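Side chains included, hydrogens not; waters and symmetry mates left out as well; all remaining heavy atoms used. These numbers come from a predicted model, not from an experiment.
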Amino acid sequence: QVQLAQSGGGLVEAGGSLTLSCAASGRTLRDYVMGWFRQAPGNEREFVGRIGWNNGYTVFANSVKGRFTISRDAAKNTAYLHLNSLEPVDTAVYYCAAGAILGTTPQAYRYWGQGTQVTVSS
């Protein structure tokens, strides 16, 4: 079993930045994929990006490509989502998730964080 604990959400003005943390416990994330999703009220859960834990290779949705980055600290078993050049449309609850296979859908991920609110004011 893997437990994911998130932190780092908050309120930021348009054009600002935030960093979200996702700390894993229960087992190492080696051989796993860490995905990031977001969900705004009335919307489906949307893929944001992912990182392969072993090689650090990242994939991003077109909506955030060039603005968001993902990193990981293996010693801390923690992944980070860096949100830059934020826009009001980025306002959502952000979730981290861990899975054993590559994917861009929620069904590809077995373990989920509790979510954290990111609100971008205009």
### Message
Run the side-chain contact (heavy atoms from CB on, under 4.5 Å) test against S71 and tell me which residues pass, sequence neighbours left out.
### Response
Y80, H82
### Message
Tell me if a side-chain donor or acceptor on N54 pairs with a main-chain N or O of R30 at a distance below 3.5 Å.
### Response
no
## Note on the structure
Sorted by chain and residue number, the salt bridge (charged side-chain N to carboxylate O under 4.0 Å, His left out) partners of E46 (sequence neighbours excluded) come out as R38
### Task
Using a 4.5 Å cut-off on heavy atoms from C-beta on, say whether the side chain of L29 contacts that of M34.
yes
### Query
How far does SG of C22 sit from OH of Y111, to the nearest 0.5 angstrom?
13.5 Å
#### Entry: N/O donor-acceptor pair under 3.5 Å between Q6 side chain and Y94 backbone
yes
#### Entry: ring-ring contact (aromatic ring centres under 6.0 Å, His included) involving W112 - partner list, sequence neighbours excluded
F37
### Summary
Across all chains, not counting sequence neighbours, the side-chain contact (heavy atoms from CB on, under 4.5 Å) partners of A14 are P88, V120
### Query
Is a donor on one side and an acceptor on the other found under 3.5 Å between the side chain of R72 and the backbone of W53?
yes
### Query
Do S85 and E87 have a side chain donor and acceptor closer than 3.5 Å?
no
### Task
Taking N77 for its side chain and R27 for its backbone only, find out whether a donor-acceptor pair lies under 3.5 Å.
yes
### Task
Please lay out, stage by stage, how R45 and T105 fare under the test side-chain contact (heavy atoms from CB on, under 4.5 Å).
CA-CA 9 Å; R45 191 162 296 188; T105 63; over 6 Å; no
### T58: side-chain contact (heavy atoms from CB on, under 4.5 Å) partners, not counting sequence neighbours
I51, F60, I70
### Query
F68 and L86: side-chain contact (heavy atoms from CB on, under 4.5 Å), yes or no, with the steps?
CA-CA 9 Å; F68 294 5; L86 283 163; 4.0 Å; yes
### Task
For A23, check side-chain contact (heavy atoms from CB on, under 4.5 Å) against everything at least two apart and list the hits.
T78
